Amino acid sequence: MKFRKLFTALLVCVATCGWAQQPTPKSILINQDGTVTFRYKNDLAKNVQVDVQFAGRNPMQRGADGVWTATLGPVAPDMYPYCFIVDGISVMDPENPQYFPNEGFKNSLLEIPGNGTLPHDIKDVPHGRLEYVSYYSKSLGATNHAVVYLPPNYMMDFQKKYPVFYLISGTTDTEEVYYKVGRVNYILDNLLAEKKAKEMIVVLPYGNPYKLLPAKAEAASGQPATRFGGDVFSKDLINDLMPYIEKNYRTNNSRDHRAIGGFSRGGNQALFNGLSNLDKFSYLCSYSSFTSTDIPDVYDQAAETNKKIHLFWLGVGTDDFLYGNARDYMEFLDKKGIRSVKEFTNDKFGHTWMNAKYFLFKTLPLLFNKKASEAAMKDGQPAPAATGKEQQFTPGVMARLFPRPIISPEYGDESLTFRFKAPEAEKVELECEILPEPLAMEKDSDGVWSVTMNEYVFETFKYCFLVDGTQVADPSNMYLSPDRGFKYSVANHPNGPFNYANQGDIPHGRTGYDVTRDEAWYMSPMPAQPTMPVMIQLVPGDGDTAESWFKLGGADAITDKLMADGKTHPCMITTSTMDFGSQNGGMPMPSFKTNVLRADDYPTWPQRRRALLKLLIKIGKEPAPSFPAFGGGGFGGGGFGGGDGF
């Protein structure tokens, strides 16, 4: 269809991931001998340590220039979470744009490139496309989110359908982790370029939708969700997310073309849902995990189960705290006569994303390849014998790893309470972009500081804590502002006007981020009879990234809502500065009138959102733009509706 031709030209031109490696932040120096020097500037700190995955906590020394430094290693190329411990408080590296998306802990990411030797290195190969999607979940009664990877050739052939791999992150991880830390997109890009894997769509769900629900006993207990079978995640996955993916993307929906896998809790979720739905999945992968040994009609019917599973892949590190449970599960499968592939590591620091990436690299070439997966299954070895010294995951370990959290921010009907635990701090304040000066917080007998706001409750705004003068993101809040420097936390009331959760069952657009070119693209939902989308350029402000206008500015949520209310026209929104009237590889591009909104023209994000709202409503009052001439022909007809399967 003609509209597809235009839309494809736009996406191919502007929305394919770049390949430039992210620069090393100024706070990190990777030395020729393989050691790493960490640098942190804080004139107020009395004691600073660096806590990094490959070396644990180590003291830093303050130099004459006031910069705290520590040199550690040598260390092998890979990605390592780290943070600074400033007078006992964990602080992200304010100079590093890369961070670990997580519901709780706030870590920066140290990336030591392998110069092409690591599976996840960013190479000069064709790159797939990442889309952030939102969908109404009847199981949740709220809007949920996922990230979708599309292979490099997806936009080239509108007849081809693809198998789908549902890949779930671990406990306290968000839907972004298998992308930003697990690097599934770059691993698969590299494998596809070498023709070592099949083309596939990869879907990254959010594994803990309890977080999106109003506070209930199980959600507010402070313990991460670990119950499966009839739980909200499983219902949402099977009844809401999968139908959404199969309606909106070109998928092959037979069981031979679906795979499911995950890391840690995500591996548990993957195995349970895969084994409980063998009519839907035939490739199952568990990375550093295990699952229930009580799934009806599966373990006691080994012959039938083996016929249905093309690949049953289980990997774990021998130094992982889940090793004992994972080994026991492997032995259980052996005794039941159920075939599986088993892989073990001992050099990746235990329960880490280094293991998750390695296991992913090992399994992607086997997915949707019956010959390769069957060969792997035939070579599967029995579980190693128990020694009695294996680590076991017990309730005590659970309590140690996941202590009862501080609830912050806590949203009331007409109030907003912030809390931060710092027993040794002398002074803690709340700093907000919407307030002229910080608010003093009070400490209770448990060392928890708190303050309650009764104004601006339904605004969406950036904030942080000032702990004896040091800026600290809220460790209890999973939402971070994607700034270039210090990353503030984001307060976004569930009943606020720019929150996805309260929008109801409406169509949503899709957003893509290209972190290597620092660009974002959003395409709004299209009506049954599509019109030419209005072009809007949102220019990030000083210190913002391409993600800021969406994750903080709510550009996608605002546009979705106005589209549903009939108050604006379909839009394509971007932070790119490309010339839309230029040529692209000899392909003539239509000329667009572009509406421009600059963040730096407004001092706060609430003001920027209102400016965008005003612009979109103004656009909605104007005549819808007509399709431009393109290659000698006009555009019309066709559709980019919810069921188009783009």
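Residues take their numbers from the sequence shown, with the count starting at 1. Remember, predicted model here, so these are calculated numbers, not experimental data.
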* To do: Taking the side chain as every heavy atom from C-beta outward, state whether Tyr80 and Thr352 have any atom pair closer than 4.5 Å.
  => no
* Does the ring centre of Tyr283 sit less than 6.0 Å away from the ring centre of Phe368? -> yes
* Do the ring planes of Tyr522 and Phe550 sit parallel (below 30°), tilted (30 to 60°) or perpendicular (above 60°)? -> tilted
* Asked: With Tyr249, which of Val164, Val133, Val203 fulfils side chain to side chain contact (heavy atoms under 4.5 Å, CB included)?
  -> Val133
* Which of parallel (below 30°), tilted (30 to 60°) and perpendicular (above 60°) describes Trp353 and Phe100? -> perpendicular
* Asked: With a 4.5 Å limit on heavy-atom distance, are the side chains of Gln381 and Phe344 in contact?
  -> no
* Asked: Are a donor atom and an acceptor atom from the side chains of Asn144 and Tyr135 found within less than 3.5 Å of each other?
  -> yes
* Asked: Should Asp256 and Ser254 be marked as a side-chain hydrogen bond (donor to acceptor under 3.5 Å, both in side chains) after you check the CA-CA gap, both sets of side-chain angles, and the distance that decides it?
  -> CA-CA 5 Å; Asp256 288 343; Ser254 73; 5.1 Å; no
* Asked: Are the side chain of Lys196 and the backbone of Leu364 linked by a donor-acceptor contact shorter than 3.5 Å?
  -> no
* Taking everything shown except Tyr479 itself, do over 12 heavy atoms lie less than 6.0 Å from its OH? -> no
* Asked: Does Lys198 NZ have over 12 foreign heavy atoms under 6.0 Å away?
  -> no
* Asked: Does the side chain of Tyr162 come within less than 4.5 Å of Met200's, by heavy atoms?
  -> no
* Using the benzene-type ring in the case of Trp, are the ring centres of Tyr329 and Phe290 under 6.0 Å apart? -> no
* **Worked check of side-chain hydrogen bond (donor to acceptor under 3.5 Å, both in side chains) between Tyr166 and Gln269** => CA-CA 11 Å; Tyr166 292 87; Gln269 291 169 311; over 6 Å; no
* Asked: For Phe359, is the NZ or CZ atom of Lys348 found under 6.0 angstrom from the centre of its six-membered ring and inside 45 degrees of the ring axis?
  -> no
* **Pairwise side-chain contact, Asp483 with Asp544, heavy-atom cut-off 4.5 Å (strictly under)** => yes
* To do: Would you indicate whether the side-chain heavy atoms of Ser169 and Leu204 approach each other to under 4.5 Å?
  => no
* Is the closest side-chain heavy-atom distance between Met92 and Leu480 below 4.5 Å? -> yes
* Would you check if the distance from the ring center of His120 to the ring center of Tyr186 is below 6.0 Å? => no
* Asked: So, does His127 use its side chain to make a donor-acceptor pair with the main chain of Val125 at under 3.5 Å?
  -> yes
* With a 4.5 Å heavy-atom cut-off, do Leu188 and Pro151 have their side chains touching? -> no
* Does a donor on one side chain and an acceptor on the other come within less than 3.5 Å for Asp240 and Ser139? -> yes
* **Sub-4.5 Å side-chain heavy-atom contact between Tyr206 and Phe233** => no
* Asked: Taking the inter-plane angle between the rings of His351 and Phe321 on a 0 to 90° scale, is it parallel (under 30°), tilted (30 to 60°) or perpendicular (over 60°)?
  -> tilted
